[in-house]
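Heads up, the thing below is written out as structure tokens.
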2 protein chains.
Amino acid sequence: MTSTAPAATTPEDLLRGVGLRVTAARIAALRAVGDQQHATADDVLSSVRDELGTVSVQAVYDVLHALTDAHLLRRIEPAGHPARYERRTGDNHHHVVCRVCGTIGDVDCTVGHAPCLTPNDDHGFVIETAEVTYWGLCPGCSA
Amino acid sequence: MTSTAPAATTPEDLLRGVGLRVTAARIAALRAVGDQQHATADDVLSSVRDELGTVSVQAVYDVLHALTDAHLLRRIEPAGHPARYERRTGDNHHHVVCRVCGTIGDVDCTVGHAPCLTPNDDHGFVIETAEVTYWGLCPGCSA
DNA sequence: CCCTAAACTGGAATCATTCCAGTTGTGTGA
DNA sequence: TCACACAACTGGAATGATTCCAGTTTAGGG
């Protein structure tokens with residue numbers, strides 16, 4: 001680790017920036033997801049416990065909700081898998097999910113900027129976002 | 001309703017066509033999903049029970065799996081909602097989900113045929129399908 | 001440095017779905 | 001036409017992710 005760069009936004013600053021109280025659990029969770037992109041709530045729980053000792057399950061869910069609501073984290077929920085969290089927020093990127101092992105990769109939206117965002121028949125729905133999930137096999141499982 | 005056309009493929013024929021045994025539960029489930037597009041397992045359970053009397057929870061899940069595996073049904077799983085089943089299979093259509101009430105609408109893929117199917121960086125994944133979910137508000141909830 | 005709302009604890013509950021072991025029923029081969 | 005093997009179904013218990021709840025602790029503004 002040896003956190004060299006003092007200039008980079010610290011977890012504390014991030015939290016204060018969105019008006020959230022600074023707590024050990026939040027800092028630890030933020031770092032956990034930074035270290036392990038696409039972490040599950042359970043991954044975060046282990047990671048936070050490694051760092052802080054005893055932390056309740058509920059605390060981790062609360063933290064993840066708070067951070068997600070504040071847009072410091074983004075939650076993705078691939079069908080048939082527990083929810084996963086990532087730090088890349090704000091950009092319109094999507095995901096590849098491996099059918100075999102569940103590994104997830106990030107995919108940038110290439111065609112223009114928001115390709116399928118405008119269906120011709122929207123059934124009168126007011127559409128806010130389009131989410132693309134690619135299903136396939138990861139390098140390891142396609143062997 | 002008044003099922004006039006005798007030529008149309010019957011549930012029995014559909015089942016035999018894919019090599020599945022013809023059972024009352026399967027016929028009822030197939031009709032249930034036909035009547036109520038995007039039905040949940042629970043919707044199907046009620047519907048099948050209305051028609052046949054006592055049917056076990058497990059039977060409905062078994063039936064839905066069998067029909068899904070045989071491509072007579074397609075399963076969709078919007079984040080935060082129980083799985084839903086539909087009869088439109090084989091075509092590459094997508095879904096709009098209402099953030100408020102969970103109502104689902106079908107959306108045909110317009111841009112070309114499979115718009116976002118080819119991300120430029122696929123991380124070495126072998127991609128099989130692309131699934132698009134639009135999130136927004138249905139006509140009722142946007143009022 | 002004190003107090004209040006926000007955050008956290010720990011245990012029970014919920015919901016969709018699956019597991020399991022025993023019973024029933026479809027449809028094929030004799 | 002019928003028996004029998006295996007697929008399908010029964011019913012009850014178990015699972016896994018997540019949430020609810022009521023009481024306790026703590027961050028940080030006044």
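Throughout, protein chains are lettered first and strands after them, A, B, ... in sequence-line order, and every chain is numbered starting at 1.
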Would you check if there is a donor-acceptor pair between the side chains of E86(A) and H93(A) at a distance under 3.5 Å? yes

Would you kindly say whether R75(B) and H65(B) are connected by a side-chain donor-acceptor distance under 3.5 Å? yes

Roughly how many Å is it from CG in L20(A) to P in dG28(D), rounded to a whole number? 10 Å

Separation of atom CG in D62(A) from atom P in dT9(C), rounded to whole Å: 9 Å

OP1, OP2 of dT10(D) versus side-chain N and O of T54(B): anything below 4.0 Å? no

Are H81(B) and dA16(C) close enough that a side-chain N or O sits under 4.0 Å from OP1 or OP2? no

To the nearest Å, how far apart are Q58(B) CD and dC20(C) C1'? 9 Å

To the nearest Å, how far apart are L64(B) CG and dA8(D) P? 14 Å

Among H94(B), Q37(B), H38(B), which residue satisfies the side chain to side chain donor-acceptor pair (under 3.5 Å) criterion with D106(B)? H38(B)

Using a heavy-atom cut-off of 4.0 Å across all strands, would you classify A66(A) as base, sugar-phosphate, or nothing? nothing

Are E128(B) and R99(A) within salt-bridge range, i.e. N to O under 4.0 Å? yes

Just to confirm, is there a sub-4.0 Å distance from OP1 or OP2 of dA8(D) to any side-chain nitrogen or oxygen of H65(B)? no

Hey, does the side chain of T89(A) reach the backbone of R74(A) with a donor-acceptor pair shorter than 3.5 angstrom? no

Using a cut-off of strictly less than 4.0 Å, decide whether T40(B) has a side-chain nitrogen or oxygen near OP1 or OP2 of dA16(C). no

Looking for any heavy atom pair under 4.0 Å, which part of the strands does S56(B) touch: base, sugar-phosphate only, or nothing? base

Rounded to the nearest angstrom, tell me the gap between atom OH in Y61(A) and atom P in dA7(C). 19 Å

How close or far is atom C1' of dT28(C) from atom CZ of R16(B), stated in whole angstroms? 14 Å

Rounded to whole Å, how long is the line connecting atom CG of L52(B) with atom P of dG25(C)? 13 Å

When the distance from CZ of R21(B) to C1' of dG25(C) is rounded to whole Å, what number comes out? 8 Å

